[in-house]
Each structure stands twice: as structure tokens, then as C-alpha cells.
Amino acid sequence: MKKEKSIFVCSECGYQSVKLLGRCPNCGKWNTFIEEFFSPSLSLSGEKETINPQRLNEIKFEEIPRIKTEIGEFDRVVGGGIVGKSYILVAGEP
């Protein structure tokens, strides 16, 4: 049997938190949180989630076009180039 988990829900606005809060960050009301329990096998809506595992050879992969930067090591690290409409955070020592 799986252990039940608890979540705290604001009785005024429905805001949900994993820990008990004194003041709701959404509506600003004080002492409105109520602890509710749920089973991890159920979704928050109460319906059972179905998980359909797939074999690796059944999964279809799409080749995403990449923009080459002509910096060989950088292109290698980011998987062959930059994916369009994506962000890459580059950091290091000056």
C-alpha cells in the first residue's frame, strides 16, 4: 500500500502548497490553509493516471535542425549546434 501524501489548500482561493503557510501568497488571507490527503497513484483531480510504457525501439525521434556556430567544441557540447528558438546560458571565468 502506498503512503498517502498531504497538500495544503487555501480555503479562500484554492492555492496549493506542499507545506503549511500562515498567509496565502495568492489571496493574502491569514490562516486559511487546510491539509488534504491524496494517494500518489491518483492525480489531484481524483482520477487514476494511466501510464503506458513503450519499448525504446517503438519511440519515434525527430531530427531537429540545428544552427552551426563554426566553433567545433561548442557545437559538440550543445549536440551539434543551436536549436532555433532556444536559449543557452554560457558562463565561465573571465
Side-chain angles (χ1 to χ4, degrees):
M1 182 171 153
K2 292 186 179 180
K3 183 180 174 184
E4 284 190 341
K5 297 197 177 203
S6 65
I7 193 165
F8 297 91
V9 181
C10 176
S11 61
E12 294 291 320
C13 68
Y15 180 84
Q16 298 178 352
S17 174
V18 292
K19 57 185 176 179
L20 180 61
L21 302 173
R23 181 174 185 238
C24 178
N26 191 42
C27 67
K29 302 281 184 176
W30 286 92
N31 301 322
T32 57
F33 280 91
I34 299 170
E35 185 175 18
E36 294 183 2
F37 295 94
F38 67 94
S39 174
S41 64
L42 297 176
S43 66
L44 291 178
S45 65
E47 297 176 9
K48 275 201 168 215
E49 293 182 31
T50 57
I51 300 172
N52 298 322
Q54 293 181 318
R55 295 185 183 276
L56 288 177
N57 60 1
E58 295 174 353
I59 298 173
K60 296 180 180 170
F61 294 98
E62 293 180 35
E63 197 61 38
I64 300 172
R66 296 180 179 265
I67 303 165
K68 301 284 184 186
T69 63
E70 303 303 322
I71 304 170
E73 186 66 12
F74 180 77
D75 285 344
R76 185 189 68 79
V77 169
V78 295
I82 300 171
V83 176
K85 297 183 182 178
S86 68
Y87 296 96
I88 298 172
L89 178 62
V90 179
E93 296 181 21

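Put simply, the side chain of Arg76 never gets that close to the backbone of Ile71: no donor and acceptor are under 3.5 Å apart. Remark: side-chain polar atoms of Arg23 are not paired, donor with acceptor, to backbone N or O of Trp30 under 3.5 angstrom. The main-chain N or O of Phe8 is never found under 3.5 Å from a side-chain atom of Ser17 such that the two would form a donor-acceptor pair. A side-chain donor-acceptor contact under 3.5 Å links Asp75 to the backbone of Thr69.
With a 4.5 Å cut-off on side-chain heavy atoms, Ile88 and Phe74 count as touching. Inter-residue side-chain proximity for Val83 and Ile64 is flagged as met; some heavy-atom pair is nearer than 4.5 Å.
From Ile34, atom CD1 reaches atom OG of Ser6 across 13.5 Å, with rounding to the nearest 0.5 Å. For the atom pair Glu35 CD and Lys19 NZ, the distance stands at 15.0 Å (nearest 0.5 Å).
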I'd like to know whether Phe37 forms a side-chain contact (heavy atoms from CB on, under 4.5 Å) with Ile7, so could you lay out the CA-CA distance, the side-chain angles of the two residues, the decisive distance to 0.1 Å, and finally the verdict.
CA-CA 6 Å; Phe37 295 94; Ile7 193 165; over 6 Å; no
Tell me, with the steps shown, if Glu12 and Thr32 meet side-chain hydrogen bond (donor to acceptor under 3.5 Å, both in side chains).
CA-CA 7 Å; Glu12 294 291 320; Thr32 57; over 6 Å; no
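By the criterion of side-chain heavy atoms lying less than 4.5 angstrom apart, applied directly or through intervening Ile, Leu, Val, Met, Phe, Trp or Tyr residues, Val18 is not grouped with Leu20; the two fall into different hydrophobic clusters.
Taking each heavy atom of Tyr15 and Cys24 in turn, the nearest pair found is CB-SG, 3.8 Å.
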